[in-house]
Protein chains: 2
Amino acid sequence: MPNEELSAGRSAVVGHAGSYSKGVARRQEILDRAIEVFRERGADGTSLRGIATAIGVSHAALLHYFDSREQLLVAVYEHAESLRDTAKTYQDRSALDVLVKAAMINVGVPGMVELYTTLVAASLAAEGTPSNVFFSDRFARIRKDLAGRLTAEQAAGRVRDDVDPDDIAALLVAASDGLQIQWLLEPSVELERTLESFAVLLAPTS
Amino acid sequence: MPNEELSAGRSAVVGHAGSYSKGVARRQEILDRAIEVFRERGADGTSLRGIATAIGVSHAALLHYFDSREQLLVAVYEHAESLRDTAKTYQDRSALDVLVKAAMINVGVPGMVELYTTLVAASLAAEGTPSNVFFSDRFARIRKDLAGRLTAEQAAGRVRDDVDPDDIAALLVAASDGLQIQWLLEPSVELERTLESFAVLLAPTS
DNA sequence: GTCTATACGAAGATAGAC
DNA sequence: GTCTATCTTCGTATAGAC
């Protein structure tokens, strides 16, 4: 779920469309508190009204800063991700390293995988919805980043060169997302070890 | 999403708990028609009321056969999967073959990936819910089946033996699930080719 | 600009009539 | 076994107080 190496910049897709009219500071505050709610109670009570009550405002107040519940949830996920990831943290790391690191952190936050999966499901429903735009962009960005790392690793002789970096990038993201789900349902599926077994598969064949 | 090699038998988890009091025949009829609704209109209108209207009954009538909307949806997915997969079809196939085949079929049914992802998300919410029980069992069953195939392939020298079959099984399922999602969001991510690039990674190293 | 109050329709679920 | 009626909660929209 997490592979946010390049989350630089403000929310482009989920913010208020181009204007600052809705109070950026207060908006951030709401997001911070919403994340706390998730951290404490998992993904339960994530109704608009539930979140509003937990924060201490009316549900209509939330809609003053976010156009819809879906947009709020996407912003919450995006915000949580940006708090965690710094571009610098992941510099000069291998594709697999970045992936494993992000996955382990993500899995440590209760409700995060559930939130992520719920939003991904919503993103499949229709084009142009907040979650659809967000995840389309996100997947593309992460695949590109990983493919770049893989290409460099191939050039350096650290990854076998008989596979397409773009394919492997998509495969890695898919594996990470899917394994987090399986681990949550069955903790005996060891997330870290299993993901790292990818390293064996990617090692040069020579 | 699909990897239903061993869907033999009646719905164990999602059925009416042990009794036949709710009319098995009518129940099957409802499921058949519900699947048609999905096939025609995707995952839209999947509210209890929407499905009921499409079928031509009241929503309360559906709840006579299924305890909740979630249980109905799980039963729909399970039923759709069982219609598609026959144990015989996949005999003597490689793990990757089975996976690719099932994924391609699954992706061909509108709304199926969305339904699957939605239910998986719901399954993460709490233990003991219909979707949680269903998917916990399902993942375990599929991992076991794939691991068995992989072990046989290793013995036959068709798959490298320096990796753990259980790990690879989990990895394969995760990759298949995740790729179907990515493909739906961005069709340029070629599902079949990408999944099959796994074959290169799994080939014996000798 | 920020927020509360309120209303509306749709949803899942239950109770009870037929 | 199936319906209608009803309850509660939800997302959303609007009006208007401060």
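So that the names make sense, note that chain A is the first sequence line, chain B the second, and so on, each numbered from 1. The structure displayed is predicted, hence computed values, not measured ones.
When the nearest nucleotides of DNA chain C are assigned to G56(A) and E70(B) by heavy-atom distance, the more 5′-ward of the two goes with G56(A).
To the nearest angstrom, C1' of dG11(D) lies 13 Å from CG of D67(A). For the pair Y65(A) OH and dA13(D) P, the interatomic distance rounds to 18 Å; values are reported in whole Å. If you measure from atom CZ of F66(A) to atom C1' of dT2(C), you get 14 Å, rounded to the nearest angstrom. Whole-Å rounding puts the R26(A) CZ to dC3(C) C1' distance at 9 Å. If you measure from atom CG of L63(B) to atom P of dA15(C), you get 12 Å, rounded to the nearest angstrom. When the P atom of dG9(C) is taken as reference, atom CG of L48(A) falls 20 Å away, rounded to whole Å. Rounded to whole Å, the distance from CD1 on I51(A) to C1' on dG11(D) is 12 Å. Distance, E29(A) CD to dT2(C) P: 12 Å, rounded to whole Å.
In this model, the phosphate group of dC3(C) is not approached by any side-chain N or O of H64(A) to a distance below 4.0 Å at OP1 or OP2. At the phosphate of dG12(C), neither OP1 nor OP2 sits under 4.0 Å from any side-chain N or O atom of S68(B). Phosphate proximity of dC3(C) to S58(A): absent, as no side-chain N or O sits under 4.0 Å from OP1 or OP2.
The nearest pair of heavy atoms linking V189(A) to W183(A) is O-CD1, 3.0 Å.
Applying the side-chain hydrogen bond (donor to acceptor under 3.5 Å, both in side chains) test between S131(B) and each of Q71(B), R138(B), E70(B) identifies E70(B) as the sole match.
For the pair R33(A) and E36(A), the salt-bridge criterion is not met [side-chain N within less than 4.0 Å of a carboxylate O]. Classification of E29(B) and R26(B) as a salt-bridged pair holds, one side-chain N sitting under 4.0 Å from a carboxylate O.
Nearest to the side-chain atoms of A60(A) among the listed nucleotides dG12(C), dA5(C), dG11(D) stands dA5(C).
Residues S176(B) and Q180(B) have side chains that bring a donor and an acceptor to within less than 3.5 angstrom of each other.
In the interface, the side chain of H59(B) is not paired with the base of dA11(C) through any donor and acceptor atom under 3.5 Å apart. Scanning atom types as modelled, one donor and one acceptor separated by under 3.5 angstrom connect the side chain of R49(B) and the base of dG12(C).
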